[in-house]
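Throughout, protein chains are lettered first and strands after them, A, B, ... in sequence-line order, and every chain is numbered starting at 1. As the structure is a prediction and not an experimental result, all values here were calculated from the model. No hydrogens, no waters, no symmetry mates; every other heavy atom, side chains included, goes into these values.
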Amino acid sequence: MLDIRWMRENREALAEAMRRLYAEDAPWERALELDEQRRKLLAQVEALRAERNTGSKRIGELYREGRAEEASALKERMREIGDQIAQLEEELRRVEEAFHEAMLRIPNIPEPDVPVAPDEAGNVVVKEWGEPRAFDFPPRPHWELAEALDIIDFERGVKIAGSRFYVLKGAGARLQRALINWFLDVHIHEHGYIEVYPPFMVRTHCMVGTGNLPKFADTLYRDAEEDYWLIPTAEVPVTNLHREEILEPGTLPRYYVAATPCFRREKVSAGKDVRGIKRVHQFEKVEMVKFVEPHTGREELESLTRNAEELVERLELPYRRVEIATGDLSFVAAKKYDIEVWAPGCQEWLEVSSCSLFRDFQARRANIRYRPGEGARPEYVYTLNGSGLALPRMIIAVLENYQQADGSVVVPEVLRPYMGGVEVIR
RNA sequence: GGAGGGAUGGCCGAGUGGACGAAGGCGGUAGUCUUGAAAACUACUGUGGCGUCAUGCCACCGGGGGUUCGAAUCCCUCUCCCUCCGCCA
C-alpha cells in the first residue's frame with residue numbers, strides 16, 4: 001500500500017509512476033477522490049461527535065444538580081444529533097471501504113533505475129556467471145534422465161493428485177533434501193539468517209499483508225469451509241511474523257530463512273510447461289526474508305541477491321542475473337532481480353530465485369513498524385525477500401548440468417556430505 | 001467434538017452506565033540527592049486520524065454489530081487464550 005499523504009502531495013509523480021508501470025488501470029485517481037470525500041465526511045462527523053460528547057457530559061451534570069427537565073430537553077437534542085451522526089457514519093463507512101479497496105489495488109512504485117518496458121521482453125541481463133558446459137553427447141532433459149534413473153515417478157504423481165504432481169523417489173528425494181539442508185546451513189551459518197518453521201496455512205489478513213490478496217485469489221488454494229489459505233511461498237507467513245508489531249531500536253536488520261512447501265494453482269499458465277517438474281502445484285522452497293531500516297533497502301537487496309547467487313556458484317552452475325522491467329514487475333515489488341540457471345537438457349534459462357525490495361509497501365499493509373531510536377515515533381520497516389533457492393528447478397539444473405553420457409548424474413561436490421558420500425547417482 | 005472461564009496501556013492489574021484515555025504497581029526516561037552507583041523523592045512515560053495547525057478536535061480497553069443522550073462497563077456475534085473431558089502423531 002502506498003502512503004496516501006504522499007499520493008495527495010505528489011499527484012504528478014504518482015501518475016508518472018503508473019505510466020512507467022504500464023498500470024494505467026490502477027485505481028489511483030479513484031482513491032484520491034474517495035480520500036477527499038472521506039476527509040470531508042470525517043470532519044463533519046467529528047464535529048458532531050464533539051458536540052454530542054460535551055452535551056452528554058452536561059446531561060450527567062444536570063441530573064446530578066437535580067435539573068431533570070433541562071436534562072431531558074438536552075437529551076432530545078442529543079438524540080437528533082445522534083441520528084445525524086449515524087447517517088453520516090454510514091456514508092463514511094461506505095466511502096472508507098471503497099477507498100481502502102482502491103488503495104489495495106494500487107501497485108508499488110518502482111525504484112527510479114528500474115528499466116521501463118511494457119513486458120518481460122524489456123528485462124535486462126545485468127550479469128552472467130560461468131560457461132555453459134560443452135557436451136560431447138546430446139544432453140537429455142531432466143524428465144528423461146529422472147525416469148531412466150527411477151528417481152522421479154511422474155505417472156504415480158498424476159495417479160494420486162492429477163497433472164502437475166510428481167513423486168520424488170530414492171536418490172531424487174534425497175537430492176532434494178540435500179539441497180534444502182545445504183541451502184539452510186549456508187544461510188544460517190554464513191549469511192546470518194535465523195531459521196523459522198512457520199504455518200503452511202494462513203488467514204486472509206496475512207495474504208492481504210503480503211499483497212497476494214485481494215488481487216490474486218485465483219492463484220491460491222484455500223480451505224472450503226474455514227478461513228485458511230495454503231501458502232504460495234514462505235514469504236507470506238514469515239513476513240507476517242511481525243505484523244501489527246513495533247520493533248524496538250537495535251533489533252534491525254532481521255534476517256529469516258524458512259524451508260517450506262509452496263502451493264500454487266498455476267491457472268494462468270494452463271498448458272504451459274506441462275512436462276517435467278518445472279511448473280508444479282506443490283514444491284519446496286528455501287526463502288529468505290529481511291526486515292530492515294529504510295535507508296539500507298538498496299544495499300540489502302544487493303546482499304540478498306548475492307546470498308542466492310553464491311549458492312548457484314558453489315554448485316558450479318552457469319547462471320545470469322536479470323533485472324525485471326517495470327511492466328513485468330510484480331504488484332508489490334519496487335525492484336526485482338531474477339536468477340536464472342542454464343538447463344542444457346531443456347535448453348532454457350530456469351528462474352530459480354526472485355529477489356525483491358518492497359520498501360514499505362508490505363509493511364503498510366501488514367502494519368509492521370520499528371522505532372528508529374529510544375522514544376522516537378514508530379516508522380514502517382522495509383521488507384525484502386528472495387528465494388534461496390527454489391527446489392524442483394534446482395533439481396532440474398543439477399540433473400541436466402551434471403549428467404554423463406551413460407545417463408548417470410555426478411553429485412556436486414558441496415552436496416556429497418549431505419548425500420552420505422554418494423558421488424554419482426546411477 | 002463437549003463443558004466452563006477469560007481477553008484492559010511495554011508488562012502486571014483495578015474498573016458493571018456519566019468527573020475514565022482509563023486507579024495502583026512494575027518497567028522505562030529525566031531531574032534532585034551522591035565522588036559514583038544503589039536507595040529514596042519528583043516529573044514525564046500508548047497508537048492513529050483530521051486539521052481553522054490553536055494549551056484544538058476525533059477514535060481506539062481482542063475484532064465487528066446493537067441498546068443508550070452517553071458504553072471499558074449492558075446485549076449479540078466472531079476470533080484467540082486457559083482449565084477439564086473425549087480423540088490423536
Can you tell me how far [atom2] of [N] sits from [atom1] of [X], to the nearest Å?
| X | N | atom1 | atom2 | value |
| --- | --- | --- | --- | --- |
| A:Glu89 | B:rC58 | CD | P | 13 Å |
| A:Arg52 | B:rC69 | CZ | P | 11 Å |
| A:Glu97 | B:rG65 | CD | P | 11 Å |
| A:Gln44 | B:rC57 | CD | C1' | 15 Å |
| A:Glu61 | B:rG70 | CD | C1' | 13 Å |
| A:Leu74 | B:rG70 | CG | P | 12 Å |

Could you verify whether a donor N or O on one side chain and an acceptor N or O on the other, from [X] and [Y], lie under 3.5 Å apart?
| X | Y | result |
| --- | --- | --- |
| A:Lys75 | A:Ser56 | no |
| A:Glu235 | A:Gln362 | yes |
| A:Tyr166 | A:His281 | no |

**Asked** Mapping A:Pro378 and A:Arg49 onto RNA chain B by nearest heavy atom, which one lands closer to the 5' end?
**Response**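 Result of the comparison: A:Pro378.
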
**Message:** Pick the closest RNA chain B nucleotide for A:Arg93 and for A:Ile246 by heavy atoms, then say which residue is nearer the 5' end.
**Reply:**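 Going by which nucleotide is closer to the 5' end, it is A:Ile246.
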
Roughly how many Å apart are [M] and [N], using the [atom1] atom of each and rounding to a whole number?
| N | M | atom1 | value |
| --- | --- | --- | --- |
| B:rC50 | B:rG1 | P | 43 Å |
| B:rA7 | B:rG31 | C1' | 38 Å |
| B:rG17 | B:rA22 | C1' | 15 Å |
| B:rG46 | B:rA72 | C1' | 16 Å |

**Request:** Answer yes or no: does a side-chain N or O of A:Arg371 lie under 4.0 Å from OP1 or OP2 of B:rU47?
**Result:** yes

**Request:** Evaluate the ring planes of A:His242 and A:Tyr256, with Trp represented by its six-membered ring, and classify them as parallel (under 30°), tilted (30 to 60°) or perpendicular (over 60°).
**Result:** tilted

**Asked** According to the interplanar angle, ranging from 0 to 90°, do the rings of A:His187 and A:His191 count as parallel (below 30°), tilted (30 to 60°) or perpendicular (above 60°)?
**Response** tilted

**Asked** Which residue, A:Met18, A:Arg11, A:Glu16, forms the side chain to side chain contact (heavy atoms under 4.5 Å, CB included) with A:Leu14?
**Response** A:Met18

**Pair assignment for RNA chain B - dot-bracket with | for other-strand partners, Watson-Crick or G-U under 3.5 Å** = ((((((((.[[[..)..(.....]]]((((((.......))))))(((((.....))))).[[[[[..)....]]]]])))))))....

**Asked** Is the Lys NZ or Arg CZ of A:Arg222 less than 6.0 Å from the centre of A:Tyr228's six-membered ring, within 45° of the axis?
**Response** no

**Prompt:** Counting N and O atoms only, with roles assigned by atom type, does the side chain of A:Thr239 sit under 3.5 Å from a partner on the main chain of A:Val236, one being a donor and the other an acceptor?
**Reply:** no

**Asked** With respect to the side chain of A:Arg203, which nucleotide from B:rC57, B:rC80, B:rC69 is positioned closest?
**Response**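 Among the listed nucleotides, the one closest to the side chain of A:Arg203 is B:rC80.
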
**Prompt:** Within the structure shown, what part of the strands sits under 4.0 Å from A:Arg58 by heavy-atom distance: base, sugar-phosphate, or nothing?
**Reply:** nothing

**Request:** Could you check whether A:Asn53 gets within reach of a base, just the sugar-phosphate, or nothing at all, counting any heavy atom under 4.0 Å?
**Result:**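 Sugar-phosphate: the residue A:Asn53, judged by heavy atoms under 4.0 Å, touches backbone atoms but no base.
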
**Prompt:** Got more than 12 heavy atoms from elsewhere within 6.0 Å of CD, A:Glu65?
**Reply:** yes

Scan nucleotides 49-52 of chain B against the protein and return all N/O pairs shorter than 3.5 Å with their distances rounded to 0.1 Å.
residue, atom, partner, partner atom, Å
B:rG49, N2, A:Glu46, OE1, 3.1
B:rC50, OP2, A:Arg5, NH2, 2.9
B:rG51, OP1, A:Arg39, NE, 3.0
B:rG51, OP1, A:Arg39, NH2, 3.2

**Request:** For residues A:Leu384 and A:Glu300, report the shortest heavy-atom separation together with the two atoms involved.
**Result:** CD2-C, 3.8 Å

